[in-house]
Each structure stands twice: as structure tokens, then as C-alpha cells.
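Here's the structure we're looking at; comments come further down.
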Amino acid sequence: MSLKEKALILDKVGIDRALTRVAHEILEKNKGARDIVLVGIQRGGVHIAKRLSARIRDIERVDVPVGSLDITMYRDDLSTRKSQPVPQATDITFDIQDKVMVLVDDVIFTGRTIRAALNSIMDYGRPRSIQLAVLVDRGHRELPVRADYVGKNLPTSAKEKVEVMLAEDGLEEKIVILGE
């Protein structure tokens with residue numbers, strides 16, 4: 001059974017607009033870029049974190065460090081998956097101690113990926129606080145996790161799939177809902 005594109009949610013312009021708004025919200029909540037670090041969850045979250053860093057640089061003229069986080073070994077579904085995920089690189093080359101970490105992902109669904117990311121982060125230090133930024137929040141939480149910054153709230157059915165396609169992956173830039 002293959003899934004087909006049911007609806008276009010955001011195109012390139014819509015994605016850009018949402019990320020610019022999220023960057024402004026991060027700066028507003030934190031009263032500027034001081035002590036902020038961005039950490040993207042592999043894979044899509046890393047692309048989004050880099051874009052947010054570029055927007056913050058454009059707005060505040062401050063370079064915000066960007067890291068990447070692989071949560072593969074912290075997942076709670078490794079034993080139940082049909083295929084095992086391939087670990088990606090974690091790259092956090094800056095000190096996170098006492099920083100305001102903005103954890104970044106492309107889509108939040110059940111909250112389990114974020115739980116795994118929080119567990120993983122603690123291996124690297126203790127940030128002052130951890131905030132969550134996502135491009136799409138599709139609901140259906142299984143854990144008490146809420147994003148601080150959301151590009152697009154998107155109610156979906158549990159059977160649908162949200163696909164974030166980005167130029168960094170060689171794709172036409174858009175967010176779509178896939179279904180039967």
C-alpha cells in the first residue's frame with residue numbers, strides 16, 4: 001500500500017514565512033539571542049535549526065551555534081520496529097552548560113522522539129533550560145510534551161503521514177499530507 005499526496009500544507013514561501021516567525025518568537029521570548037544554542041534532531045530538525053540560526057543572524061546580527069543530535073539509541077521502539085534505524089552523527093561542539101537550548105525538529109507527533117532527545121541531551125551537559133521548536137505540530141501526543149514554538153499546527157488523523165520535503169535533501173520544498 002503506497003501513500004499518495006492528499007494535501008499541500010505549505011509551499012516554499014509558506015515554510016520560509018513560518019520559520020521567520022518562529023525565529024522572531026524565539027528572540028522575543030528570550031529577549032535576544034544571548035546564551036541561545038540550537039540543536040536539531042537528526043535529520044529534518046538539523047536543516048530547520050540551521051535555517052533558524054541564519055534568520056536569527058539576519059535579525060540580531062548574532063551567530064547562534066547549531067548542533068545536531070542523533071536519538072537512535074534512546075528510542076523506546078527499537079525492539080518493535082520492522083527495520084532498524086541507521087544512527088546519524090551527533091555534533092554538539094559547543095558547551096551547553098547554562099545555555100538556553102532550543103531543541104528543533106521538523107514534525108512533532110506522539111512526543112516520543114522529543115522524550116528520547118531530552119534523555120540524550122543530558123549526556124552532553126545541563127542547559128539552563130530547554131525549549132522546543134517544531135515546523136509542524138500534528139497532534140496525537142502520547143506523552144506530556146508541548147512545543148514552545150510551532151510553525152504550523154496541523155490536525156491530522158493518526159493514519160495520515162506528514163512529509164516535510166526540504167531543498168537540503170534535494171527535494172522540492174513543501175509540506176504535504178500523505179494518505180491512502
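Under the ring-ring contact (aromatic ring centres under 6.0 Å, His included) criterion, Y124 pairs with no residue at all, not counting sequence neighbours. Partners of E28 under the side chain to side chain donor-acceptor pair (under 3.5 Å) rule, at least two apart in sequence or in another chain, do not exist in this structure. By the ring-ring contact (aromatic ring centres under 6.0 Å, His included) test, H140 pairs with F109, sequence neighbours left out. With sequence neighbours excluded, no residue satisfies salt bridge (charged side-chain N to carboxylate O under 4.0 Å, His left out) with R17. In this view, R141 and D137 satisfy the salt bridge (charged side-chain N to carboxylate O under 4.0 Å, His left out) rule, not counting sequence neighbours. Take R21 and apply the side chain to side chain contact (heavy atoms under 4.5 Å, CB included) test, not counting sequence neighbours, and it matches A18, E25. Partners of R34 under the side chain to side chain donor-acceptor pair (under 3.5 Å) rule, at least two apart in sequence or in another chain, do not exist in this structure. In this structure K152 satisfies the side chain to side chain donor-acceptor pair (under 3.5 Å) test with no other residue, sequence neighbours excluded. When the salt bridge (charged side-chain N to carboxylate O under 4.0 Å, His left out) test is applied to R55, the partners found at least two apart in sequence or on another chain are D16.
We find the CZ-OG distance between R115 and S120 to be 10.5 Å, quoted to the nearest 0.5 Å. Between atom CG of residue L27 and atom CD1 of residue I59 there is a gap of 5.5 Å, rounded to the nearest 0.5 Å. How far CD1 of I130 is from CG of L118: 5.0 Å, rounded to the nearest 0.5 Å. For the atom pair CG of L166 and CG of L171, the computed distance is 7.5 Å after rounding to the nearest 0.5 Å. Note that the CD1 atom of I56 and the OG1 atom of T20 stand 11.0 Å from one another [nearest 0.5 Å].
Although no hydrogens or angles enter the test, the distance criterion places no donor-acceptor pair under 3.5 Å between the side chain of E60 and the main chain of R57.
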Enumerate donor-acceptor pairs with a distance under 3.5 Å from any side-chain N or O in residues 35-54 to protein atoms, sequence neighbours excluded.
| residue | atom | partner | partner atom | Å |
| --- | --- | --- | --- | --- |
| D35 | OD2 | R128 | NH2 | 2.9 |
| Q42 | NE2 | A89 | O | 2.8 |
| R43 | NH2 | D169 | OD1 | 3.1 |
| R43 | NH2 | D169 | OD2 | 3.3 |
| H47 | NE2 | D169 | OD1 | 3.2 |
| R51 | NE | E168 | OE2 | 2.9 |
| R51 | NH1 | E173 | OE2 | 2.5 |
| R51 | NH2 | E168 | OE1 | 2.7 |
| R51 | NH2 | E168 | OE2 | 3.3 |
| R51 | NH2 | E173 | OE1 | 2.9 |
| R51 | NH2 | E173 | OE2 | 2.9 |
| S53 | OG | V64 | O | 2.9 |

Contacts under 3.5 angstrom, residues 90-106 side chains, donor-acceptor by atom type, not counting sequence neighbours:
| residue | atom | partner | partner atom | Å |
| --- | --- | --- | --- | --- |
| T90 | OG1 | D70 | N | 2.8 |
| D95 | OD1 | Q97 | N | 3.1 |
| Q97 | OE1 | R126 | N | 3.2 |

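In this structure, the side chains of M165 and V176 come closer than 4.5 Å at one or more pairs of heavy atoms.
E180 and K159 are not joined by a salt bridge, as no carboxylate oxygen comes within less than 4.0 angstrom of a charged side-chain nitrogen.
What you find for L143 and G111 is that their closest heavy atoms are CD1-O, 3.8 Å.
With L154 as the fixed residue, the side chain to side chain contact (heavy atoms under 4.5 Å, CB included) test singles out one of L135, L10, I9: I9. Test D11, V162, V107, L8 against I175 for side chain to side chain contact (heavy atoms under 4.5 Å, CB included) and you get one pass: V162.
Among residue pairs with one or both ends in residues 143-178, none qualify as ring-ring contact (aromatic ring centres under 6.0 Å, His included); sequence neighbours excluded.
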